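Here is the structure we will look at, set down as structure tokens.
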Number of protein chains: 2
Amino acid sequence: MRLSEGQTRVIDRASPIPFYYQLQEILKEEIEQGRWQPGDLLPSEAALEQRFGVSRTVIRQALDVLQADGQISRAKGRRSMVAEPKFRWEATLGAHSWNQPAVPNQVMLGRLVDARHVQAGGHVGRLLDVHDAADIFELTYTHEVAGRPVALSQMYLRPQASPGLAQACADTGELPTLIERGPDAADQLASRYGIKVAISDVTVELTQLNAFEADLLGAPLGSAAFLLSSLDRDAAQTPLSFTRAIVRGDQFRFSLVLHQRETEGPTGTHGLMAYMT
Amino acid sequence: MRLSEGQTRVIDRASPIPFYYQLQEILKEEIEQGRWQPGDLLPSEAALEQRFGVSRTVIRQALDVLQADGQISRAKGRRSMVAEPKFRWEATLGAHSWNQPAVPNQVMLGRLVDARHVQAGGHVGRLLDVHDAADIFELTYTHEVAGRPVALSQMYLRPQASPGLAQACADTGELPTLIERGPDAADQLASRYGIKVAISDVTVELTQLNAFEADLLGAPLGSAAFLLSSLDRDAAQTPLSFTRAIVRGDQFRFSLVLHQRETEGPTGTHGLMAYMT
DNA sequence: CAGTGGTCTAGACCACTAG
DNA sequence: TAGTGGTCTAGACCACTGA
């Protein structure tokens, strides 16, 4: 399957591999070989129909795969574009704790877009151990890097999370105005109300964007994303807050540096998978 | 949009929301409400065409979304089936190190399916700092839980990773036979050759299954998956091995318990997202 | 305005499953 | 063998983009 420069790979119509998958492989390879640079426009779907001699359905199935993989971005009325590489979020996990997380050379901006009371009923209320009639704070953030929206998070906060917060709520009956719209609302909670998280139970899974999420993130409906759920407790195991974050899978990857201890037991240590063996 | 029991939601043809997305929401809700249990067969695509009055294209777009989200499983010749819930992989991340990872109440079986020499050229060779002419070991594993294949990993190992391994290679010129086919190959490396990993650089991103991966995992081409890449180094920063693992996103989620230190700095502590703010 | 991608229809053929 | 999902074709209309 090795071809000299300039030659054009074609779809093998006798192959059992579906056309759309062969096509997706061909285009991915051409992108990786630099035929088009990030930001360049791909040929139109009609042009690809001509070049490969298949129907538009096949062209679009192939582009669907490339898009979900983060290789291209598409928008109505515009030709499809080769995407910028994914952002990378880094954290170092040493012998003691998390340390120096960052998106290198980039600033990730969190922006509070909504703050409100919600009824405690349902899943979140149960997790936070708040009975049905009571209120919970819901704080909605968007997160962007280099102007690109990459994530969306919703934090659900118990009014009883700290004495300071409970007092402020009792005084006003409202979400304390100290939680202002801005990038540092989470820090405000920690510094002004003394909310101390001791244990975070974080779950990472894959999902697809629903209409609300797709709209806020400017991404297509149904595209693949990370779903991070985190239940935070204090040292006495009392639940404080629950956070649900959606991170665009086509824009982001996570990177952890794990420092192993020499005194470890016999468990496998070759990468994360070893722990699953 | 609240309907009484037994009533059937229909597609709103005047809505700007695409038919396939409305349909996917309807079916997801019916699954979550228990209209069908895990293992039950959904109506056939033809029956859904009849019920909702849309073309098969729309039906299939909707089922694509549900499948990628892990809600249903599909197979040629058989009706689509409501899927079992995702597996959950757990680890506790304490003040000191990883601890007690597990798939609760389940055993995850790693099985070595292939072991061979490969040329060092390319990406992996550069990462492992091995020059082009030399060989690298490639160990391929599959991982399954409760009989369901959920992951696939390939470990690339430097022959120079430890004096013991280098000696064994010099003796035989082959992959030492001590690495036998079986679930404990990674442990063998640690215990028999004294390979000590000090630092693991793990990257987590989203990808889609290629033909090779889909075949080994018995999953559809192009379905969403986690891609874990791990570069493992010893205490002197010398690269030892590189592992690339594919974990089915429709079958798996990861769960971490983070124990925060009281002496932490001012960084936000409300869940993982706080580190991104 | 023409070009383009997003969505939808109505068909077709095939390989696979299960009765 | 009948039913089913996987793939593919050839059209259509729309909303949006950019010249």
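Nothing here was measured: the structure is a model prediction, and the numbers come from that model. Throughout, protein chains are lettered first and strands after them, A, B, ... in sequence-line order, and every chain is numbered starting at 1. All heavy atoms count here, side chains included; hydrogens, waters and symmetry mates do not.
For R78(B), whose side chain is taken as the heavy atoms from C-beta onward, the closest listed nucleotide among dA18(C), dC8(D), dT4(D) is dA18(C). Each of dT9(C), dT4(C), dT4(D) was ranked by its minimum atom distance to the side chain of S55(B); first place goes to dT9(C). Nearest to the side-chain atoms of K76(A) among the listed nucleotides dG6(C), dT4(C), dC16(C) stands dG6(C).
Considering only heavy atoms from C-beta on, F226(B) stays 4.5 Å or farther from I246(B) through its side chain.
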I'd like to know whether R9(A) forms a salt bridge (Lys or Arg N to Asp or Glu O under 4.0 Å) with E29(A), so could you lay out the CA-CA distance, the side-chain angles of the two residues, the decisive distance to 0.1 Å, and finally the verdict. CA-CA 10 Å; R9(A) 286 180 58 187; E29(A) 191 176 313; 2.8 Å; yes
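Using a distance-only test at 3.5 Å, with no hydrogens or angles considered, no donor-acceptor pair links the side chain of R116(A) to the main chain of E138(A). A donor-acceptor contact shorter than 3.5 Å links the side chain of R248(B) to the backbone of L217(B).
Note: CZ (R79(B)) to C1' (dG3(D)) measures 9 Å, nearest angstrom. Summarising the geometry, the separation between CG on L23(B) and P on dT7(C) is reported as 14 Å, rounded to the nearest angstrom. The nearest whole Å value for the distance from the CG atom in L41(B) to the P atom in dG3(D) is 16 Å. Atom pair F52(A):CZ and dC8(D):P shows a separation of 14 Å (rounding to whole Å applied). One interatomic measurement links the two molecules: CD of E45(A) to P of dA10(D), which rounds to 16 Å at whole-angstrom precision.
Heavy atoms of S44(B) sit under 4.0 angstrom from primed sugar atoms or phosphate atoms, though from no base atom.
Look at R60(A) and you'll find a side-chain N or O under 4.0 angstrom from OP1 or OP2 of dG6(C). For the OP1/OP2 pair of dT7(C) and a distance below 4.0 Å, the side-chain nitrogens and oxygens of Y20(B) include at least one atom meeting the criterion.
Judged by atom type and distance alone, R74(B) does not reach the base of dT4(D) through any side-chain donor-acceptor pair under 3.5 Å. The base of dG6(C) sits with one of its N or O atoms less than 3.5 Å from a complementary donor or acceptor on the side chain of R56(A).
In this structure, dG19(C) makes no Watson-Crick or G-U wobble pair, since no nucleotide meets both defining distances under 3.5 angstrom.
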